[in-house]
Amino acid sequence: DQQVKQNSPSLSVQEGRISILNCDYTNSMFDYFLWYKKYPAEGPTFLISISSIKDKNEDGRFTVFLNKSAKHLSLHIVPSQPGDSAVYFCAASGFTGTASKLTFGTGTRLQVTL
Amino acid sequence: NAGVTQTPKFQVLKTGQSMTLQCAQDMNHEYMSWYRQDPGMGLRLIHYSVGAGITDQGEVPNGYNVSRSTTEDFPLRLLSAAPSQTSVYFCASSDSGRVGGQFFGPGTRLTVL
C-alpha cells in the first residue's frame, strides 16, 4: 500500500517555464512533508519542507503548496533551469515520527530542456 | 565536515554471503536511518535509530540487522544475502529537529547473484 504517491513518473519542461510536480498521500497522520532532489549516482538532497499547519512555503525559486483536505501537495519551480533536471521525491512523516522515519513517493524525473 | 559517508560504493555478493554496509556521519546527529531504493518503488526505510543504543524497524527490515554503539556509526548487516536484496542502499542522518530534513550519503550499489 503506497501511502505517498507520485503519479507522474516523468515531466519535461522548457527552460524558463514553471515546473509543477505533484504528490498525493493517504495517511491522515502525516503532518510534515518534504521534497528531495536526486541526481544520478548521488544521494537525495533536501530541497524544501512544509508543516501541516501551513499551506504554502517558499524558498527562492521553489514553492511547496499543501492542500490537506485533498491530501495533496505540489512543488513549483519557477523559472525552471537545466540544472533542475533530476528525480524529485516527495516524502512525509507522521505525528509520532521524526525526520529519521520518512515515507517516500516513487519519484518524478524532471527534464528541463533548452 | 565529510557529512554522511558510506562504504563500499559497489559490492557484488553471492547468495548466502553476509556483509556489512558501513555508514558514518560527523555532524553529531542523533537520528540515523537506512533506506533502500528500487526501481519504481522510491526509497523504503529499513531500520532507523534515534540515538546511540536505540534502534527500531522500518518498513522492510527482514534480512537486515543494525546496531548503534556510537553516535557517529550506523552499520547495516546483511545476514544471508538474497537476490531480492539487490538494490541501492542509502544511509541518512538528521538532528533532533525536522526542519532541515535528512542528509543522505552517496549510496552503496549492491548486487546479489
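Proteins come first, then strands; the chains are lettered A, B, ... in the order of their sequence lines, and each starts at number 1. Hydrogens, waters and symmetry mates are skipped; everything else that's a heavy atom, side chains included, is used.
- The aromatic rings of B:Phe104 and B:Tyr35 sit tilted, their planes meeting at an angle between 30° and 60°.
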Can you list, pair by pair, the side-chain donor-acceptor contacts under 3.5 Å of residues 70-77 of chain A, counting residues two or more places apart and other chains?
| unit_1 | atom_1 | unit_2 | atom_2 | d |
| --- | --- | --- | --- | --- |
| A:His72 | ND1 | A:Cys23 | O | 3.3 |
| A:His72 | ND1 | A:Asp24 | OD1 | 2.8 |
| A:His72 | NE2 | A:Asn22 | OD1 | 3.2 |
| A:Ser74 | OG | A:His76 | NE2 | 3.4 |

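- Side-chain contact, B:Ser33 with B:Gln102: a donor N or O sits under 3.5 Å from an acceptor N or O.
- The aromatic rings of A:Tyr36 and A:Phe104 are tilted relative to each other, their planes meeting at an angle between 30° and 60°.
- Using a 4.5 Å cut-off on side-chain heavy atoms (C-beta onward), B:Met19 and B:Pro8 make contact.
- Scanning residues 70-79 of chain B against chain A with a 4.5 Å non-hydrogen threshold yields no residues.
- Heavy-atom proximity under 4.5 angstrom to chain A picks out B:Gly105, B:Pro106 from residues 105-113 of chain B.
- For a residue to count as touching a neighbouring chain, one of its non-hydrogen atoms must lie under 4.5 Å from one of that chain's; by this rule A:Ala41 touches chain B with the backbone only.
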Can you give me every donor-acceptor pair (side chain of residues 6-16 of chain A, partner residue at least two apart or in another chain, under 3.5 Å) with its distance?
| unit_1 | atom_1 | unit_2 | atom_2 | d |
| --- | --- | --- | --- | --- |
| A:Gln6 | OE1 | A:Cys90 | N | 3.0 |
| A:Gln6 | OE1 | A:Gly107 | N | 3.0 |
| A:Gln6 | NE2 | A:Tyr88 | O | 3.0 |

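- Open room surrounds CZ on A:Arg17; 12 or fewer heavy atoms of other groups in view lie less than 6.0 Å from it.
- Using a 4.5 Å heavy-atom cutoff, the side chains of B:Asp38 and B:Arg44 are in contact.
- Side-chain atoms of B:Val4 and B:Cys23, non-hydrogen and from C-beta on, do get closer than 4.5 Å to each other.
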